[in-house]
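Quick notes on the structure that follows.
Not measured: the values here are computed from a predicted model.
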Amino acid sequence: MSTRAPRTTALVLAYGDEPVLVECVEAILSSEDVDVDVVLVDNGCTSGAVDELAGRPGITVVRPGENTGFAGGCNLAARHARGEVLVLVNGDAVVRPGAIAALSRAACLPGAGLATSSLRLYERPDHMNSAGNPVHYLGLSWAGGLGDPATAHAEPRDVASGSGAALAVRRDTWEALDGFWEPMFAYCEDAELSLRCWQRGLNVRYVPDAVVLHRYEFSRNPTKNYLLERNRLLLLLTLLERRTLLAILPPVVGLELAIWAIAARQGWGRDKVRGWRWIWQHRREVRARRAEVQAARTRTDADLLPGLLTGRVTPGEDTGLSVPGPLNALAATYWSLVRRVVLR
């Protein structure tokens with residue numbers, strides 16, 4: 001018989017049309033081998049699902065009156081949590097009966113920072129949405145193993161980043177990390193939190209027994225391109241040591257120009273420029289955040305990055321995204337040089 005997991009609170013956000021929110025919350029409350037309650041933040045749900053769930057036993061509904069974003073919403077939910085462990089579950093994700101317990105146990109193991117699930121595609125539950133997310137040295141991150149058969153990711157392992165769609169952390173660890181950085185609002189905040197765990201000597205562990213079905217939509221938010229690009233740069237500017245930033249400056253500049261050119265062609269060039277403008281206008285806040293993060297770290301870039309970050313972008317065929325082979329090879333070669341010369 002399995003050991004019962006620690007008391008757990010699931011943090012769920014509701015935004016826009018949430019067609020599986022009721023299924024999501026009911027699945028959490030039906031979890032096996034764990035006492036779990038739900039804090040549900042209404043970030044602007046338009047389907048009536050939050051009203052349907054309000055008042056049910058085990059559910060605390062929080063209504064901030066505005067869209068607080070994924071980062072702010074999770075931080076708000078955590079302040080209302082009662083569990084020893086927090087499990088973030090997207091409102092469009094449905095946990096299998098043993099998933100919450102498996103994540104909760106993994107988050108309490110020695111040295112644990114975050115525990116990330118075997119995130120499966122809702123319509124194809126034998127295929128992966130994410131088995132932990134790779135992080136590129138230029139700040140790019142993507143769903144690891146997207147479209148792969150689940151049997152290819154059956155073993156637990158350390159990963160660079162967990163997926164915020166189904167992620168567990170001890171409450172005291174969350175508080176020590178001060179949760180998500182709220183100015184990020186949404187996107188990349190799970191990679192940022194994961195890398196801060198690694199900086200403090202805590203691991204991020206993929207838990208294959210924690211199966212969660214995700215009704216995955218690549219582009220759900222109309223401001224996604226702006227947030228992704230801005231937050232990718234915020235991640236680099238605040239997390240990396242100065243010598244690492246200087247070493248990767250040439251490919252960073254090259255990628256910025258390339259993405260701006262693509263954005264201009266595709267009609268979201270203003271979003272790219274808006275991200276640059278935000279960083280410049282908030283440069284003092286970014287500098288303060290950088291100083292805070294760098295002061296809290298216990299491991300250097302040389303300790304972590306060579307084995308943690310990748311030099312190749314491999315998002316998988318299911319994303320419809322790709323990088324030309326020669327550019328990918330050049331970026332990987334450059335990262336290999338940085339690892340050998342700068343991060344010795």
Side-chain angles (χ1 to χ4, degrees), residues 70 87-90 92-96 99 102-103 106-107 112-169 180 184 186-199 202-220 224 228 231-232 235-236 239 304-323 325 328 331-332 335:
F70 189 77
V87 177
L88 282 58
V89 182
N90 265 23
D92 57 358
V94 179
V95 300
R96 289 283 175 83
L103 286 172
L114 305 176
T116 191
S117 72
S118 175
L119 198 63
R120 313 281 185 85
L121 295 170
Y122 185 86
E123 302 292 346
R124 293 192 292 158
D126 293 329
H127 289 77
M128 301 302 301
N129 176 190
S130 172
N133 296 342
V135 181
H136 193 271
Y137 71 95
L138 298 180
L140 301 162
S141 185
W142 55 92
L146 178 62
D148 288 353
T151 52
H153 301 277
E155 297 298 324
R157 65 181 186 279
D158 288 343
V159 293
S161 172
S163 169
L167 189 72
V169 58
F180 288 132
M184 297 188 86
Y187 303 114
C188 300
E189 70 290 308
D190 47 9
E192 194 269 350
L193 183 68
S194 295
L195 294 179
R196 283 195 287 123
C197 278
W198 285 112
Q199 286 182 343
L202 302 171
N203 65 24
V204 181
R205 192 73 170 166
Y206 166 66
V207 185
D209 292 339
V211 177
V212 179
L213 308 185
H214 188 204
R215 198 169 177 269
Y216 179 67
E217 295 178 71
F218 180 74
S219 184
R220 192 181 182 202
K224 183 169 185 175
L228 275 173
N231 291 351
R232 177 178 65 82
L235 184 151
L236 296 175
L239 265 61
L304 288 173
L305 300 190
L308 196 63
L309 303 188
T310 179
R312 290 184 176 273
V313 179
T314 55
E317 294 181 2
D318 282 21
T319 64
L321 304 174
S322 63
V323 176
N328 230 349
W335 181 234

Measure the [atom1]-[atom2] distance between [X] and [Y] for me, rounded to the nearest 0.5 Å.
| X | Y | atom1 | atom2 | result |
| --- | --- | --- | --- | --- |
| Leu239 | Trp198 | CG | CH2 | 14.0 Å |
| Asn231 | Glu189 | CG | CD | 7.5 Å |
| Leu202 | Ser194 | CG | OG | 11.0 Å |
| Leu88 | Ser163 | CG | OG | 10.0 Å |
| Phe180 | Glu192 | CZ | CD | 9.0 Å |

Expected output: side-chain [X] to main-chain [Y] donor-acceptor under 3.5 Å:
| X | Y | value |
| --- | --- | --- |
| His136 | Ser141 | no |
| Tyr122 | Val94 | no |
| Asn129 | Ala143 | no |

Please examine the side chains of [Y] and [X], heavy atoms only from C-beta on, and report whether any two atoms are closer than 4.5 Å.
| X | Y | result |
| --- | --- | --- |
| Asp158 | Arg205 | yes |
| Tyr187 | Arg232 | no |
| Ser118 | Met128 | yes |
| Val207 | Pro156 | no |
| Leu195 | Leu309 | yes |
| Asn328 | Val313 | yes |
| Leu228 | Cys188 | yes |

Atom of [X], atom of [Y] and distance for their closest heavy-atom approach:
| X | Y | value |
| --- | --- | --- |
| Leu103 | Ser117 | CD2-N, 3.8 Å |
| Ala131 | Val159 | O-CG1, 3.7 Å |
| Leu119 | Ala166 | CD1-CB, 4.1 Å |
| Asp190 | Gly164 | OD2-N, 2.9 Å |
| Leu236 | Gly139 | CD2-N, 3.7 Å |
| Pro125 | Arg120 | O-NH1, 2.9 Å |

Hey, mind stepping through Leu305 and Trp335 against side-chain contact (heavy atoms from CB on, under 4.5 Å) and telling me if it holds?
CA-CA 10 Å; Leu305 300 190; Trp335 181 234; 4.1 Å; yes

For the pair His153 and Tyr206, name the ring-plane relationship: parallel under 30°, tilted 30 to 60°, perpendicular over 60°.
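The arrangement is perpendicular - the two ring planes meet at more than 60°.
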
Hey, is CZ on Arg215 packed in by over 12 heavy atoms from elsewhere, all under 6.0 Å?
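For Arg215, atom CZ is not crowded (no more than 12 foreign heavy atoms under 6.0 Å).
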
I'd like to know whether CZ of Arg196 has more than 12 heavy-atom contacts from other residues, nucleotides or ligands below 6.0 angstrom.
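Yes, CZ of Arg196 has more than 12 neighbouring heavy atoms, counting only those of other groups under 6.0 Å.
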
Could you walk me through whether Leu146 and Leu121 pass side-chain contact (heavy atoms from CB on, under 4.5 Å), step by step?
CA-CA 9 Å; Leu146 178 62; Leu121 295 170; 4.1 Å; yes

